[in-house]
Amino acid sequence: MGRTMQQVVSIGEAISHPLRLKLLYMLSEREWYVYELAKELNVSRQVLYLHLKRLEKAGFVESDLRLEDDDMRAKKFFRLKEFEVSLNIEDLKEFFE
């Protein structure tokens, strides 16, 4: 079963911003704690969350909350999921014919 048009649009929107492309690259190296990512990229955590949420919705990343032994606060970590992006004429035909 192919993707829906909305799924293709969501993927396109997710990879249409330079910061989100950089996030995909960084997450391909290892998983990151949100605070570390925000500091490394010099952006606020709020802005970062908006971008990560877009990538998560499109299926590129996943996250989980963890309690660490030395710190009782919950920390949200993000990691890259396996993905492949493609769009071909057959996909378009399926949407519009």
Side-chain angles (χ1 to χ4, degrees):
M1 181 176 154
R3 294 175 299 218
T4 66
M5 189 183 320
Q6 185 54 47
Q7 288 170 320
V8 171
V9 169
S10 181
I11 289 167
E13 289 173 344
I15 60 175
S16 67
H17 193 282
L19 180 59
R20 290 193 287 270
L21 291 174
K22 175 110 185 215
L23 285 168
L24 290 176
Y25 169 72
M26 292 175 73
L27 292 168
S28 74
E29 299 290 316
R30 66 178 177 96
E31 67 178 13
W32 286 79
Y33 168 46
V34 169
Y35 179 79
E36 293 175 314
L37 263 175
K39 189 175 177 181
E40 181 74 20
L41 294 167
N42 198 30
V43 297
S44 72
R45 283 181 285 176
Q46 293 82 4
V47 167
L48 185 62
Y49 269 120
L50 291 173
H51 288 288
L52 287 166
K53 190 172 192 157
R54 177 72 56 98
L55 290 171
E56 197 166 30
K57 179 182 174 193
F60 289 107
V61 302
E62 59 189 3
S63 64
D64 66 290
L65 285 173
R66 297 184 200 154
L67 286 176
E68 303 216 333
D69 294 335
D70 60 339
D71 191 347
M72 293 309 296
R73 293 177 293 168
K75 294 182 177 180
K76 194 163 195 174
F77 285 82
F78 282 85
R79 72 186 144 276
L80 193 66
K81 293 170 63 176
E82 285 292 322
F83 69 87
E84 182 176 325
V85 176
S86 67
L87 179 66
N88 60 46
I89 293 170
E90 292 305 314
D91 294 325
L92 296 174
K93 286 180 181 178
E94 189 175 316
F95 297 152
F96 298 108
E97 289 184 356

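Computed from a predicted structure; not experimentally measured.
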Test side chain to side chain contact (heavy atoms under 4.5 Å, CB included) on Leu23 and Leu41 and set out the steps. CA-CA 9 Å; Leu23 285 168; Leu41 294 167; 3.5 Å; yes
Full working for side chain to side chain contact (heavy atoms under 4.5 Å, CB included) between Lys75 and Leu65: CA-CA 5 Å; Lys75 294 182 177 180; Leu65 285 173; over 6 Å; no
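Counting only residues at least two apart or on different chains, the salt bridge (charged side-chain N to carboxylate O under 4.0 Å, His left out) pairs with a member in residues 24-38 are Arg30-Glu36, Glu31-Arg66, Glu31-Arg79. Contacts classified as ring-ring contact (aromatic ring centres under 6.0 Å, His included) and involving residues 78-97 (residues at least two apart or in different chains) are given here: Phe60-Phe83.
Closest approach of Leu48 to Val34, counting heavy atoms only: CD2-O, 3.5 Å. Contact detail for Ser63 and Lys76: the closest heavy-atom pair is OG-CE, 3.1 Å. Across all non-hydrogen atoms, the minimal contact from Arg45 to Ala38 is CG-CB, 3.7 Å. The two atoms that bring Leu27 and Leu80 nearest to each other are O-CB, 3.6 Å, heavy atoms only.
Note that CE of Met26 is 9.0 Å distant from CG of Leu19, once rounded to the nearest 0.5 Å. Rounding to the nearest 0.5 angstrom, the gap separating the CD1 atom in Ile15 from the OG atom in Ser10 is 10.5 Å. Taking CG of Leu21 as the reference point, atom CG of Leu55 lies at 8.5 Å (rounded to 0.5 Å). Expressed to the nearest 0.5 Å, how far CG of Leu37 lies from CG of Leu52 amounts to 6.5 Å.
With sequence neighbours excluded, the residues that form a side chain to side chain contact (heavy atoms under 4.5 Å, CB included) with Asn88 are Glu90, Asp91. Looking at residues two or more places apart in sequence or on another chain, you find a side chain to side chain contact (heavy atoms under 4.5 Å, CB included) between Leu67 and Ala74. Checked against salt bridge (charged side-chain N to carboxylate O under 4.0 Å, His left out), Glu40 has no partners two or more places apart in sequence or in another chain. Glu56 is linked by a salt bridge (charged side-chain N to carboxylate O under 4.0 Å, His left out) to nothing, counting only residues two or more places apart in sequence or in another chain. Checked against side chain to side chain contact (heavy atoms under 4.5 Å, CB included), Lys81 has the following partners two or more places apart in sequence or in another chain: Glu62. When the ring-ring contact (aromatic ring centres under 6.0 Å, His included) test is applied to Tyr49, no partner is found at least two apart in sequence or on another chain. Residues forming a side-chain hydrogen bond (donor to acceptor under 3.5 Å, both in side chains) with Glu13 (at least two apart in sequence, or on another chain): none. Ser16 meets the side chain to side chain contact (heavy atoms under 4.5 Å, CB included) test with Arg20; sequence neighbours excluded.
A continuous path of Ile, Leu, Val, Met, Phe, Trp and Tyr side chains, each step under 4.5 Å between heavy atoms, connects Val85 with Leu24, placing both in one hydrophobic cluster.
Taking the side chain as every heavy atom from C-beta outward, Thr4 and Gln7 approach each other to under 4.5 Å.
Through direct or indirect side-chain contacts shorter than 4.5 Å among Ile, Leu, Val, Met, Phe, Trp and Tyr, Phe77 is connected to Tyr33, Tyr35.
Panel note: side chain Ser28, backbone Tyr25; a donor-acceptor pair is recorded below 3.5 Å.
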